[in-house]
Amino acid sequence: MTRNKGAMTVAEAGRRGGATTAQRHGPEFYEQIGKKGGRTTAERHGSDFYEQIGKQGGQKVKELYGPRFYGRIGKIGGDTVSEKYGHEHFEEIGKKGGQKVAELIARGRQAG
């Protein structure tokens, strides 16, 4: 099989096809097919599958970047959220979390 001068590589054809699909269908299309794929994967492999691959991914990241990496990216994320939503956002979600913990403790006491 000879290759014509100027013929596309498989990678280039994929990029072009992806760009055309994005232009025709928009970002919602990718969201829909992603959800569909996620449901199918969960049905085939069980819900524990995501937990397993998440742990594997987390372990790999820890090996590549070290355990302190999570602290650094957490701080960057927190700073970004703070800039976007303000300090009050953390107070609000902290109160919600505290209320949830109190509810769970109360349910545990009632059950036990």
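The basis for the numbers below is simple: all heavy atoms, side chains too, and nothing from hydrogens, waters or symmetry mates.
Residue Ile93 is not grouped with residue Val101 when hydrophobic side chains (ILVMFWY) are merged at heavy-atom distances under 4.5 angstrom, including chains of intermediate members. Cluster annotation: Val10 and Met8 are assigned to distinct hydrophobic clusters (Ile/Leu/Val/Met/Phe/Trp/Tyr, side-chain heavy-atom contacts under 4.5 Å, transitive).
Here the straight-line distance linking atom CD of Glu28 with atom CD of Gln32 works out to 7.5 Å at 0.5 Å rounding. Atom OG1 of Thr21 is separated from atom CZ of Arg16 by 13.5 Å, given to the nearest 0.5 angstrom. Between the CG atom of Leu104 and the CZ atom of Arg109 there is a distance of 12.0 Å, given to the nearest 0.5 Å. Once rounded to the nearest 0.5 Å, the distance linking CZ of Phe29 with CZ of Arg24 reads 11.0 Å. In this structure, the separation between OH on Tyr30 and NE2 on His25 is 8.0 Å, given to the nearest 0.5 Å.
In this structure Lys84 satisfies the salt bridge (charged side-chain N to carboxylate O under 4.0 Å, His left out) test with no other residue, sequence neighbours excluded. Here Ile76 pairs with Thr80 under the side-chain contact (heavy atoms from CB on, under 4.5 Å) rule; sequence neighbours left out.
A salt bridge links Glu51 with Lys55: at least one charged nitrogen is closer than 4.0 Å to a carboxylate oxygen. No salt bridge links Arg39 with Glu43; every basic N to acidic carboxylate O contact stays at or beyond 4.0 Å. Remark: Glu92 does not engage Lys95 in a salt bridge, criterion side-chain N to carboxylate O under 4.0 Å.
Note on ring orientation: taking the six-membered ring where Trp is involved, the planes of His87 and Phe90 are tilted (angle from 30° to 60°).
Within 6.0 Å of atom OH in Tyr50, more than 12 heavy atoms from other residues, nucleotides or ligands are found, so the atom counts as buried in its surroundings. More than 12 heavy atoms of other residues, nucleotides or ligands sit less than 6.0 Å from atom CD of Glu12. Surrounding OH of Tyr70 are more than 12 heavy atoms belonging to other residues, nucleotides or ligands, all under 6.0 Å away.
Considering every non-hydrogen atom in both Arg72 and Tyr65, the closest pair reads NH2-O, 4.1 Å.
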